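Please read the structure below before turning to the comments.
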Amino acid sequence: MEQQISQLCSEKSLTLQSLASIRSLTTNPNTSDSTLSSILETLTRSLQLTDSDSFTTRHHVLNLLADLSSRRPHFSALIFDLLRSDSLLDADALVTLASVSDLNPALTPQIDDGLFVSLCFSSPHVSVRLRLLRAAERFNVRPHLLFTVFLGFTKDPYPYVREVALDGLLGLSKRGVFEDVDVVKGCYFRAVELLRDAEDCIRCAAVRVVSEYGRMLVAISEEKNRTDCSDAVFIQLCSMVRDMRMEVRVEAFNALGKVGVVSENILLQTLSKKVLGATKEKKLHSQCDAEWFEISASSSAGAFLHGLEDEFYEARKAACSSLGSLIILSEKFAGEALNLLVDMLNDDSLAVRLQSLETMHLMAKCEYLKVQDVHMHMFLGTLLDNSAFVRCAARKILKLVKLPNLELYKLFINNLLENLKKYPQDEADIFSVLFNIGQRHGKFALCIIEEVSQEIEPNTDGDFSFDSARVAAFLVLAISVPLSSEKNVRCIPPRVFSYAVTLLGRISLALSDVMNQDSLLAYLSQCSRLSSLSDTKFMGEETPSHEVVSDDPNHTSTEIGVDLPEKGDQSQLLIQCKQKEVTTSHGRCQLEEDAEIRKSMNHMLAKVKNIWSLVQSGYTTEVLRILRACKEEVLTFEAGSESLESDGALAFTLQYLRVLKLLTKVWQQFVPMKKLCHYELGELELLLGKLERRLTELRCRFLGLSEEEELHVLELILMTCLLRLSKVEICCYLTIMRKLSSTISHVEFLHQQGSIKPSKFVTELKKSLLEIDSSTCATPCSPFRFNELLNSFFLEQFIFCGRLKHVIAELNVPNNSSENPIIFVSGLPVAIPCEITLYNILSKNRLWLRLTMNDESTQFVFLDPSIIGDCNDVQKFTYIAPFYRTPKAVSFLLRVCIGMECLFDDINLVRGKGGPKRALADLCKEKEVYLSMASRG
């Protein structure tokens, strides 16, 4: 081998045979480092001696260097320095330099912008231009210069170069570096021209660019023109759904689903091949006077009809998916689309059937799914589909559907029972659906139970048939009735709940997402013991449902077999039973009210989730209007609720809406291309501070958060950290990075604890943090890197999984006003009598009184846990708080508030001796206390 190396080193120029020998040595894992060092010297000399005309040899040498760097990373720095030298740097070497830097993030290829541009335009080889353009963003070339290069190469005669140039423009749009309207327009209109390119790959890339730059063009347009601009982009994309290539059609449908706002008449036109009157004469110019870009609204005619009738299942699936993204824009459009989607449930492709059901599920969540008789046969037929995934998707929709009459309800129940009979393995999911639709339609469920009462009751021999899946299904339906949100629903006999206890294991498995087995047992036991001293009429009974009457008038026993006292003591028993009945009834009404509130809040939050696309598109005014309407709706629930202090669903929803409002206002400053209201630096800092405080309160002032609920809040906290890191001027880098790392650690713990799959946003953030930790660079990471991570965030729907308790406090200083102040002596402590009421406070909570004077002097007083104890409900007490810093003034105003220390925060904020070491979450509004100096007379 040494002889072979010596021979290679002696050659003035390497032949292809010599290069082949070198490749065999570099690929051999047993080749020593000394041999590889000799090879590196040989390749270096070859590069220096190679004539510029011997392109092939130079190309092979550079490939060998890149291969050597990938196989032996410790040579990467040497090879990197070699390629970066001015005497060797040409187009091919530049591409190899980028490949080597990819293998070692610490190596950053910095080159002159002018050199890069000259190499791009001077290279006669197509392959070199391709490689340069693909690696362009790695060289830290100024974005506006890159834009010029990419836009220029969209007119290259070779189609693959044009495709790479379009992909480069798409990459720049995601980086969000343009604020010039003319630049965005220029790229958009160039992409529109390429929609008619002869090459399929170019048209695919052009569709993606039109979609992305179209959204940017809408965002930077004046508010009064945004709808017309968005319509023009939508129609332009509609014109591509009839393209000859399936891949182009799929791209077009995917792009249609990303358009944020479209006029209703244009949406309706996409579902009809006949040109409607509202769009027949309408023309849009895409904000350009050139005749080439004038497009008629009728170009959208039948766009989705063509997609749903496409011969390729990929196009049909993409059309169904796009419909799911657009239905939120119009209830009328959703109703018309439903007629087409129902037909797709009979599609040959499993993927299309699943996507159709997913779109219908989105309609149901938006309350736009109006199931009619004409849809029943096809829709309910999916419950008997051969695919378990299709059956499961259909049952998910049934959980959300509101049925108008008993006939349809019976049809749904019968088909679910048929599903259970044919596919017994679906039992748990079917029971879950029955329980859910029983809650939503209590009166209908009661009618069903009355009709099948003979099947539930034992036969004449006293035998039960609880092993029957059909009877078990009816029992599940029956036990859901007391939790119905409907009013004036008659009661189910207590013995039915006793029957259901015998199926505890099967039922608890089905209702695991609603309650655990212990909670279910407690619920069934409570309902089976419920008694009513008034006559009831159910299943043909005229006697009270809780009693069995015998011939002996002096002996009565309850249905569950408890002997009553003698006749003389029965009056006292009746009083006790009546009191118990009132208490149980009140608790049950409370439970029903809380369940109804949670369901209503979940429906509202399902709508709120869909505003995120509007936030990203810059429709801040519309988003704030939607959030304001949601807040008003929540306040109407609050006004009618009697349990706000014990059930935190309403309070949490209000706080969550405030968070989204602040996030919307902040977001417009971080997403580029938004020429909206710009805040001064101090205002932006104020908004971010408010957002952080609101999120802190969401995390620590609500007890009973599930792992999924807490993860949702934590992701919002992570994104707030990224927002700060994206702005150097308002970022305390080390503090925020510590908070980011500690929050990520807790997120990982919750994922492991609940076996929950992390979101794309969390995955990308963890990957970036690992890269930052592994970097040897001591300087803070570029804000641009954190800004990129914001694009991977998506607002998932928050779903209430259980009952939340709101941690709140009330503070009052009795007999204090501006006319009746507390008397103090300057320089001496003064006692502040505080009447405190605490709700849902635990002994582990650390509470502080914060006393602030003139925004300058703040004093903290720790509330001893021995005074508080555990008050799972309500606790009231009086506390005398000393204030030591009385000023030399005739009078002053003191603001007092109760705060809870956020123990989950690992970042200590030492405020001084005796004060809290972590951030405080305020539990009440600040109370103003008036103090006046004692008169000397």
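Everything numeric in this text was worked out from a predicted model, so none of it was measured.
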If you round to the nearest 0.5 Å, how far is [atom2] of [Y] from [atom1] of [X]?
| X | Y | atom1 | atom2 | result |
| --- | --- | --- | --- | --- |
| F379 | N415 | CZ | CG | 10.0 Å |
| L271 | L308 | CG | CG | 8.5 Å |
| M344 | N346 | CE | CG | 10.0 Å |
| R625 | L627 | CZ | CG | 11.0 Å |
| S300 | L237 | OG | CG | 11.5 Å |
| I430 | L417 | CD1 | CG | 8.0 Å |

Could you tell me whether the side chain of [Y] reaches within less than 4.5 Å of the side chain of [X], counting heavy atoms only?
| X | Y | result |
| --- | --- | --- |
| D347 | R353 | yes |
| T270 | L326 | no |
| I328 | L362 | no |
| L195 | D243 | no |
| L718 | F793 | no |
| E622 | I611 | no |
| F234 | I266 | yes |
| K760 | F794 | no |

> Could you go step by step and tell me if Y160 and I202 meet the side-chain contact (heavy atoms from CB on, under 4.5 Å) rule?
Replying inline: CA-CA 8 Å; Y160 292 122; I202 305 299; over 6 Å; no
For [X] and [Y], indicate whether the former's side chain and the latter's backbone hold a donor-acceptor pair under 3.5 Å.
| X | Y | answer |
| --- | --- | --- |
| H441 | I437 | yes |
| Y213 | L169 | yes |
| S263 | N265 | no |
| S272 | Q269 | no |
| E199 | E163 | no |
| S321 | A318 | no |
| K317 | Q355 | no |

Which pair of non-hydrogen atoms, one from [X] and one from [Y], has the smallest distance, and what is that distance?
| X | Y | result |
| --- | --- | --- |
| S173 | L170 | OG-O, 2.5 Å |
| F147 | C187 | CE1-CB, 3.7 Å |
| S349 | Y313 | OG-CD1, 3.6 Å |
| L384 | K422 | O-NZ, 3.9 Å |
| T359 | C320 | OG1-O, 2.8 Å |
| V342 | M378 | O-CG, 3.1 Å |

> Under the 6.0 Å and 45° cation-pi test, does R391 pair with Y423?
Replying inline: yes
>> I'd like to know whether H751 forms a side-chain contact (heavy atoms from CB on, under 4.5 Å) with K757, so could you lay out the CA-CA distance, the side-chain angles of the two residues, the decisive distance to 0.1 Å, and finally the verdict.
In response: CA-CA 7 Å; H751 284 150; K757 184 179 179 181; over 6 Å; no
>> Let's go through E764 and S792 carefully: what are the C-alpha distance in whole Å and the side-chain angles of both, what is the deciding distance for side-chain hydrogen bond (donor to acceptor under 3.5 Å, both in side chains) to 0.1 Å, and is it a yes or a no?
In response: CA-CA 8 Å; E764 293 293 330; S792 62; 6.0 Å; no
Any chance [atom1] of [X] has more than 12 other-residue heavy atoms, nucleotides or ligands included, within less than 6.0 Å?
| X | atom1 | result |
| --- | --- | --- |
| D348 | CG | no |
| K273 | NZ | yes |
| K332 | NZ | no |

> Is the gap between the ring centers of Y409 and F444 under 6.0 Å?
Replying inline: yes
>> Would you say the rings of Y656 and F798 are close, in the sense that their centroids are separated by under 6.0 Å?
In response: yes
> Given R162, which of D156, D167, D197 fulfils the salt bridge (charged side-chain N to carboxylate O under 4.0 Å, His left out) condition?
Replying inline: D197
>> Under a 3.5 Å cutoff, is there a donor and acceptor pairing between the side chains of K399 and S432?
In response: yes
> L345 pairs by side-chain contact (heavy atoms from CB on, under 4.5 Å) with which of V352, T382, L380?
Replying inline: T382
>> Please identify which of these residues, L660, L790, T620, V623, meets the side-chain contact (heavy atoms from CB on, under 4.5 Å) condition with W667.
In response: L790
>> I'd like to know if R203 pairs up with D200 as an ion pair, taking the criterion as any Lys NZ or Arg NE/NH1/NH2 lying under 4.0 Å from an Asp or Glu carboxylate oxygen.
In response: yes
> Less than 4.0 Å between a side-chain N and a carboxylate O, is that true for E407 and K410?
Replying inline: no
Would you give me the side-chain donor-acceptor pairs under 3.5 Å for residues 251-261, sequence neighbours excluded?
{"residue": "E251", "atom": "OE2", "partner": "R208", "partner atom": "NH1", "Å": "3.0"}
{"residue": "N254", "atom": "ND2", "partner": "V250", "partner atom": "O", "Å": "3.3"}

>> I'd like to know whether E418 forms a salt bridge (charged side-chain N to carboxylate O under 4.0 Å, His left out) with K421, so could you lay out the CA-CA distance, the side-chain angles of the two residues, the decisive distance to 0.1 Å, and finally the verdict.
In response: CA-CA 5 Å; E418 190 66 25; K421 180 180 179 181; 5.3 Å; no
> Under the side-chain hydrogen bond (donor to acceptor under 3.5 Å, both in side chains) criterion, do S759 and E796 qualify, and how do the steps go?
Replying inline: CA-CA 10 Å; S759 65; E796 299 289 347; over 6 Å; no
> Where do I799 and E709 land on the side-chain contact (heavy atoms from CB on, under 4.5 Å) test, with the steps shown first?
Replying inline: CA-CA 7 Å; I799 301 177; E709 292 169 335; over 6 Å; no
>> With side-chain contact (heavy atoms from CB on, under 4.5 Å) as the criterion, how do K155 and R190 come out once you've worked through the C-alpha distance, each side chain's angles and the decisive distance to 0.1 Å?
In response: CA-CA 9 Å; K155 296 188 177 183; R190 177 62 186 141; 3.0 Å; yes
>> Run the salt bridge (charged side-chain N to carboxylate O under 4.0 Å, His left out) test on D429 and K396 for me, step by step, so that the C-alpha distance in whole Å, both residues' side-chain angles and the decisive distance to 0.1 Å come before the verdict.
In response: CA-CA 9 Å; D429 198 26; K396 280 175 60 180; over 6 Å; no
